[in-house]
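Residue numbers begin at 1 in each chain, while the letters A, B, ... track the order of the sequences.
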Amino acid sequence: MSGDHFHNDSQIDSGSRHNDSHKHKDKYKDKEHKHKDHKKDKEREKSKYSNSEHRDSSDKKHRDKDKERLKLKDGSSDKQKDKHREKKKEERSFDGKPKKEKENGFESPFIKSEPENDGFYHSPKHEKSLKRERDDDDAEFKPKKIKTEESEKKAKKRKQEEEITNVLVPALCTAVLVACVGMLVYILPSLCFFIPFRWEEERYTDGVKWKFLEHKGPVFAPPYEPLPSNVKFYYDGKHMKLSPGAEEVATFFAKMLDHEYTTKDVFRKNFFKDWRKEMTSEEKSKLTDLNKCDFSEMSEYFKAQSEARKAMTKEEKLKIKEENERLLQEYGFCIMDNHKERIANFRIEPPGLFRGRGDHPKMGMLKRRIRPEDIIINCSKDSKYPKPPPGTKWKEVRHDNKVTWLVSWTENIQGSIKYIMLNPSSRIKGEKDWQKYEMARRLKKCVDRIRAQYREDWKSKEMRIRQRAVALYFIDKLALRAGNEKEEGETADTVGCCSLRVEHLTLHQEMDGQEYVVEFDFLGKDSIRYYNKVPVEKRVFKNLQLFMEDKEPEDDLFDRLNTSILNKHLQELMDGLTAKVFRTYNASITLQQQLNELTSSEDNVPAKILSYNRANRAVAILCNHQRAPPKTFEKSMQNLQTKIDAKKEQLADAKRELKSAKADAKVRRDEKSKKAVESKKKAVQRIEEQLMKLEVQATDREENKQIALGTSKLNYLDPRISVAWCKKFGIPIEKIYNKTQREKFAWAIDMAEKDYEF
DNA sequence: TGAGGAACTTAGGAAGAAGCGT
DNA sequence: ACGCTTCTTCCTAAGTTCCTCA
């Protein structure tokens with residue numbers, strides 16, 4: 001790992017899901033304090049400062065703090081503004097580029113070849129000829145021509161212009177003719193770059209995402225099928241026939257009966273509340289206690305059904321498969337700008353019980369069935385609109401080409417909007433992905449300056465600037481997420497950098513022989529625990545002491561900071577920079593460094609892949625991508641060990657045989673026995689290789705027990721690094737990326753050569 | 001300036017499919 | 001061919017960021 005990114009292994013060892021530690025739950029419960037009460041915070045700060053002047057200053061620690069406070073007092077906002085102005089100037093001169101880059105104005109590898117015989121362009125197929133100079137830093141934002149009717153017109157026009165130039169220049173300057181023509185031929189291609197319009201630029205300015213969009217709309221969840229009459233529900237031991245509405249919701253609960261969820265108070269309470277809403281008034285008056293409800297027959301019925309599904313004959317299974325395939329073919333694709341593209345999620349989410357992650361206050365609530373009347377369709381005006389199911393209507397059909405979604409609806413749990421969008425292999429997603437990594441590479445070019453800046457800001461007179469600088473340091477060093485504020489009681493209590501609270505940090509002046517150690521313990525996204533002990537610089541440590549002073553555990557650590565302030569600041573440091581770019585940058589740069597460090601060209605393929613996985617793992621640890629250890633982990637580890645032992649024995653046998661063959665050959669000295677020695681030798685070699693492969697596998701698996709590699713691979717690692725690595729070391733790309741991943745990263749596979757550098 | 005909404009990316013777990021050893 | 005394991009795909013929740021409006 002790069003020295004920059006200290007990450008204690010104990011984080012993984014001791015990391016556990018929220019559910020496992022009640023510590024958090026108890027701590028966060030019954031919270032009366034409001035973190036967002038800024039008035040109060042400001043007042044507290046005021047009084048803090050005035051108090052400090054009366055304090056006994058004999059203690060050195062206090063003296064230091066008081067000094068810092070006095071310094072902070074002087075900060076004036078006007079000065080600060082001037083500083084910003086200066087910074088802006090600096091930014092311009094730093095990379096010598098104008099501030100605003102063209103939106104989407106980068107060279108696209110998503111250029112499709114001639115239509116295939118079904119009349120569509122198939123993504124992702126790229127013309128080989130496009131490979132040139134793409135990895136060039138300077139080339140990264142050049143637009144690229146794409147064949148369409150429009151662009152063909154423009155190409156014609158351009159050609160005419162070129163012809164004029166080509167004809168006129170020699171006619172006028174016969175004297176320098178030879179030289180000029182030579183030059184012109186050389187210069188013309190680059191002149192073309194300045195011709196003002198290009199296909200993409202014209203299409204994609206002002207946030208336009210497409211010109212044509214046609215699709216078939218969503219696939220709705222299958223309607224509810226009432227239970228057969230022999231499957232009964234009991235209340236208080238007595239059989240009770242439920243109305244269809246109530247029965248459907250009951251089956252949602254019954255299907256989850258084996259899950260831990262259904263034992264949780266919050267889940268049961270929310271479920272019962274929502275269930276009652278679906279009951280008839282008669283049912284409502286009868287069913288008053290969930291504990292008296294007996295869903296076991298329903299549960300058994302569903303279990304039996306799933307068993308039956310597993311036991312289906314081949315033909316039946318094939319029939320289902322074919323039906324799914326038909327649905328995919330009909331609804332799974334759309335046409336966007338002449339290309340047939342795969343849709344990511346064309347099925348509407350079926351009704352059910354909401355399963356939040358961690359301690360979610362809304363777990364168990366009823367996720368209602370989505371009807372056509374809830375659906376907004378987005379497509380182009382001149383397309384064939386999708387038809388709603390017979391007898392129904394869409395909520396709306398709109399034609400907004402500044403967004404990428406095809407279908408949307410509002411979900412009833414959080415009131416948020418859900419979308420149907422394209423697959424990661426699509427042009428629109430791929431280009432965005434590429435842009436993301438280009439942004440991270442731009443950060444690479446100025447990260448030193450930004451680091452110097454935030455280190456300088458640790459000394460600032462203004463509290464808000466110090467907080468901003470320390471937070472940015474965490475985001476950079478520890479790859480923390482930005483940490484938006486969340487509405488209390490609406491979601492699980494999780495935090496990111498800006499929303500850290502005092503209770504999430506413990507400061508240790510000295511710990512395990514290291515100075516200034518900060519112990520982090522909080523729940524991040526998806527209620528995954530982040531636990532890490534990090535030695536920090538003295539100045540950061542002192543600042544943290546200052547931030548935490550006179551605060552309650554449940555107070556915000558950075559009370560003068562939020563993600564919007566932080567991102568505004570980042571925007572000033574580099575155009576387009578946001579907190580999340582640091583995660584992408586640090587992940588990708590770590591992969592590259594690790595690959596360079598770990599791979600040796602003498603290794604065989606499995607050893608090289610182990611190195612790759614280890615590099616990938618370093619990133620996953622940095623980003624805290626955890627997983628629950630697979631249920632069968634111990635067992636499968638044992639199985640592997642058994643295999644290894646067997647292989648070792650086999651090797652010993654083979655060696656013994658080889659030895660005796662050699663002895664035999666020494667005595668006999670004939671061709672036949674020589675051959676026998678050779679074949680035994682080969683056998684030993686083969687078994688040794690097999691053994692090594694197994695051992696590597698075991699190491700890999702053990703190290704991977706609680707770490708999820710997929711998330712970083714899919715979202716944080718510039719695929720061009722991996723592609724280049726494969727090319728450099730002769731590893732087939734299939735060993736690193738499976739089919740889906742290769743589709744998603746087609747742009748990178750197409751463009752990256754072995755010398756690509758992030 | 002801050003709240004709320006919209007759009008889009010990132011995330012881990014469950015279900016389903018494929019592969020492998022017996 | 002069968003049963004178990006592992007890999008892949010699907011699912012949808014939970015983040016970030018940007019925009020709009022008061």
Side-chain angles (χ1 to χ4, degrees), chain A residues 17 36 38 207 209 256 259 306 309-310 314 317 320-321 324 328 332 344-350 352 354-358 360 362-363 367 376 378 400 402-405 408 410-411 413-424 428-429 432-433 435-436 481-487 490-492 494-499 523-528 562-568 570-571 576-581 583-584 587 620 623-628 630-633 635-637 639-640 642-643 646 697 701 706-716 737-741 743:
Chain A
R17 215 43 55 95
K36 289 159 205 161
H38 284 284
K209 303 283 167 49
M256 297 173 78
H259 204 287
S306 102
R309 246 196 319 273
K310 273 182 212 158
K314 258 192 219 154
K317 280 183 182 169
I320 291 175
K321 207 176 166 185
N324 279 335
L328 172 70
N345 54 325
F346 57 91
R347 283 169 210 271
I348 297 282
E349 294 172 19
F354 176 76
R355 310 151 88 117
R357 316 229 169 107
H360 198 117
K362 297 194 171 184
M363 64 167 83
K367 235 177 82 161
I376 301 175
N378 193 32
D400 182 357
K402 296 194 173 172
V403 295
T404 66
W405 54 267
S408 77
T410 303
E411 150 267 3
I413 304 288
Q414 324 263 9
S416 64
I417 307 171
K418 299 253 181 171
Y419 304 93
I420 291 183
M421 290 186 190
L422 295 193
N423 202 51
I428 211 155
K429 294 286 181 192
K432 202 78 190 296
D433 208 33
Q435 267 185 315
K436 175 180 78 188
R481 296 186 185 84
N484 285 304
E485 289 161 80
K486 298 170 80 187
E487 237 176 293
E490 292 294 300
T491 56
T494 63
V495 297
C497 186
C498 294
S499 49
L523 298 179
K525 183 177 179 180
D526 293 323
S527 293
I528 297 289
N562 60 38
T563 52
S564 140
I565 294 171
L566 180 67
N567 279 335
K568 245 173 225 156
L570 292 176
Q571 199 62 235
L577 186 62
T578 62
K580 107 187 166 79
V581 180
R583 244 166 109 81
T584 314
C623 295
N624 199 37
H625 291 144
Q626 296 190 38
R627 63 165 184 176
K631 278 171 210 138
T632 54
F633 185 83
K635 206 172 135 203
S636 85
M637 219 49 214
N639 288 351
L640 198 55
T642 320
K643 267 192 207 167
Q697 206 184 341
R701 197 179 296 175
Q706 298 181 69
I707 301 167
L709 299 186
T711 308
S712 51
K713 203 180 205 176
L714 237 47
N715 301 300
Y716 289 104
Y737 291 137
N738 68 29
K739 186 169 148 276
T740 321
Q741 293 163 339
E743 276 168 16

> Under 4.0 angstrom, heavy atoms only, what part of the nucleic acid is T404(A) near: base, sugar-phosphate, or nothing?
Replying inline: sugar-phosphate
>> Return whichever of N324(A) or T410(A) has its heavy-atom-nearest nucleotide of DNA chain B closer to the 5' end.
In response: T410(A)
> Going 5' to 3' along nucleotides 14-22 of chain C, which nucleotides have protein heavy atoms under 4.0 Å from the base (write B), which only from the sugar-phosphate (write S), and which from neither (write -)?
Replying inline: BSBBS----
>> If I take atom CG in residue L709(A) and atom P in nucleotide dA11(B), what distance separates them, rounded to the nearest angstrom?
In response: 13 Å
> Base, sugar-phosphate alone, or nothing: which one does R309(A) contact when heavy atoms must sit under 4.0 Å apart?
Replying inline: nothing
> With a non-hydrogen cut-off below 4.0 angstrom, is K367(A) in contact with a base, only sugar-phosphate, or nothing?
Replying inline: sugar-phosphate
>> Could you work out, with side chain to side chain contact (heavy atoms under 4.5 Å, CB included) as the rule, every residue matching T491(A), not counting sequence neighbours?
In response: H360(A), Q414(A), K486(A)
> Touch check for P350(A), heavy atoms < 4.0 angstrom, all strands: base, sugar-phosphate only, or nothing?
Replying inline: sugar-phosphate
>> Output the rounded distance in Å from NE2 (H625(A)) to C1' (dT10(B)).
In response: 7 Å
> Rounding to a whole Å, what distance do you find between I417(A):CD1 and dA13(C):P?
Replying inline: 15 Å
>> Using every non-hydrogen atom in the two residues, find where R357(A) and S527(A) come nearest and quote the distance to one decimal.
In response: O-OG, 3.7 Å
> Atom NZ of K321(A) and atom P of dA15(B): how far apart are they, to the nearest Å?
Replying inline: 20 Å
